[in-house]
Protein chains: 2
Amino acid sequence: MDPAAYFRRWRRRVTRPRLAVVAALERSAAHLSADEIRRAVRAAGEPAGLTTVYRTLALLERMQLVVRHEFGDGECRYELADGWHKVHHHHLVCSACGTVTEYRAFKEENALVARMQEVLSRKYRFTIRGHQFNFVGLCARCCERSARIHL
Amino acid sequence: MDPAAYFRRWRRRVTRPRLAVVAALERSAAHLSADEIRRAVRAAGEPAGLTTVYRTLALLERMQLVVRHEFGDGECRYELADGWHKVHHHHLVCSACGTVTEYRAFKEENALVARMQEVLSRKYRFTIRGHQFNFVGLCARCCERSARIHL
DNA sequence: GTAAATGCAAAGGTTTTGCACGTTA
DNA sequence: TAACGTGCAAAACCTTTGCATTTAC
């Protein structure tokens with residue numbers, strides 16, 4: 001699918017910085033911070049100010065093309081929404097070192113999400129657009145460490 | 001259960017500000033920001049600096065007595081962990097107005113969580129301590145609004 | 001040509017840190 | 001009394017805003 005078409009559908013102008021931000025997100029598999037995105041955009045030969053990156057991300061989020069996460073490291077992290085070449089996934093967050101591991105949602109999880117969506121939207125009159133499931137804990141390395149020293 | 005005992009078990013001193021922070025969280029059902037906690041503590045007659053509140057919250061988090069959330073409104077929000085008089089729950093976050101609705105996790109969800117915990121800990125050697133399930137979307141009010149104006 | 005987007009610098013807001021002073025054990 | 005905890009002020013950070021300039025349509 002074509003990002004430019006998306007911008008036009010939303011009556012927004014198709015600009016080089018905007019396309020560069022989307023391209024950077026498409027290139028990366030990770031959860032990028034605003035500043036990381038700006039660096040990626042610059043590395044790709046398109047100078048862009050951090051302000052523009054933030055404004056573009058806010059727009060992309062409203063267009064539901066991008067999802068914002070906060071994993072607890074003090075900055076927001078962004079990735080393309082499902083369907084934009086990414087398969088839906090959930091996260092394992094290590095609370096000690098901050099590592100975020102993605103895993104592809106299991107069938108059971110997806111079935112549950114679909115059912116929850118129905119129940120919750122009826123019960124709370126809530127229109128569900130997406131969800132974020134994070135399991136928080138310790139990765140293998142940090143777990144060993146914390147067994148030795150008491151955090 | 002007694003907070004003071006917890007502090008002692010962790011070889012930390014039992015101080016008035018620390019006890020006041022725990023008490024404030026016990027009194028409130030909501031997700032409090034650091035500053036809200038400081039105000040609650042002061043209202044209860046115990047003056048406390050914001051710095052101390054932050055440091056106490058960081059300690060309580062390490063002791064797994066408190067859980068930190070980031071719902072996207074720019075500040076971290078804290079609540080007591082499960083088992084400290086709170087029943088486990090999940091969240092509905094309105095992306096337009098920021099309202100956070102809690103709902104008590106359904107049986108199916110809890111069963112899934114238990115199973116996931118097993119699968120993921122084996123597959124990724126990850127020690128799961130907790131999880132955060134957020135459904136993101138629009139509350140009834142914002143949904144109506146967005147139907148009229150295109151965001 | 002005109003409204004929208006950009007980029008810089010500055011402001012805004014939350015969270016952290018340095019350091020002298022109080023407290024707990 | 002010897003660490004440990006506290007609180008203030010200042011710093012550090014990420015993010016947003018104001019405004020003159022540039023750009024897309």
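Protein chains get the first letters and strands the later ones, always in sequence-line order, with residue 1 at the start of each.
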Would you please name every residue forming a side-chain contact (heavy atoms from CB on, under 4.5 Å) with [X], sequence neighbours left out?
| X | answer |
| --- | --- |
| A:E108 | B:L112, B:R115 |
| B:C139 | A:F126, B:C94, B:C97, B:R141, B:C142 |
| B:Y103 | A:M116, A:L120, A:Y124, B:H90, B:L92, B:F106, B:E109, B:F135 |
| A:V14 | A:A4, A:F7, A:R8, A:L19 |

*Identified side-chain contact (heavy atoms from CB on, under 4.5 Å) counterpart of A:L25 within the set A:V41, A:L65, A:I37*: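 When side-chain contact (heavy atoms from CB on, under 4.5 Å) is applied between A:L25 and each of A:V41, A:L65, A:I37, only A:I37 qualifies.
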*Is B:S121 close to B:T127 at the side-chain level, that is, under 4.5 Å between some pair of heavy atoms?*
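B:T127 does not reach B:S121 side chain to side chain.
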*How about A:L32 and A:E79: do any of their side-chain heavy atoms sit closer than 4.5 Å?*
no
*On DNA chain D, check which nucleotide each of A:D35 and B:R18 is closest to and give me the residue with the more 5' one.*
B:R18
*asked:* Expected output is a numbered-order residue list: members of residues 39-54 of chain A with a heavy atom under 4.0 Å from any atom of DNA chain C. What is it?
replied: A:P47, A:A48, A:G49, A:T51, A:T52
*For A:F71, what are the other residues in its hydrophobic cluster, where any two members join if their side-chain heavy atoms are less than 4.5 angstrom apart?*
A:V93, A:V100
*asked:* My understanding is that only residues two or more places apart in sequence, or in another chain, count here; which of them pass salt bridge (charged side-chain N to carboxylate O under 4.0 Å, His left out) with B:E36?
replied: B:R77
Value in whole Å for how far the [atom2] atom of [N] lies from [atom1] of [X]:
| X | N | atom1 | atom2 | result |
| --- | --- | --- | --- | --- |
| A:E75 | C:dT14 | CD | P | 18 Å |
| B:E70 | C:dG13 | CD | C1' | 14 Å |
| A:L59 | C:dA4 | CG | C1' | 12 Å |

*Identify the 5'-most and 3'-most nucleotides of DNA chain D with at least one atom closer than 4.0 Å to a non-hydrogen atom of chain A.*
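From 5' to 3', the first and last contacting nucleotides are D:dC14 to D:dC25.
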*Applying the 4.5 Å side-chain criterion to the ILVMFWY set and letting contacts propagate, would B:V136 and B:L138 be lumped into a single cluster?*
no
*Give the B/S/- string for nucleotides 19-25 of chain C, one per nucleotide from 5' to 3', where a protein heavy atom under 4.0 Å of the base yields B, of only the sugar-phosphate yields S, and otherwise -.*
----BBS
*Kindly write out the residues that satisfy side-chain hydrogen bond (donor to acceptor under 3.5 Å, both in side chains) with A:E46, not counting sequence neighbours, or none if the list is empty.*
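Here the qualifying residues are A:R16.
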*Please name all residues satisfying side-chain hydrogen bond (donor to acceptor under 3.5 Å, both in side chains) with B:D35, sequence neighbours left out, ordered by chain then number.*
B:R38, B:R39
*Please give the angle, rounded to 10 degrees, between the axes at the start and the end of the helix from C:dG1-D:dC25 to C:dA25-D:dT1, where five pairs define each axis.*
40°
_Neighbour count above 12 (heavy atom, 6.0 Å) for B:R42 CZ_ =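 Yes, CZ of B:R42 has more than 12 neighbouring heavy atoms, counting only those of other groups under 6.0 Å.
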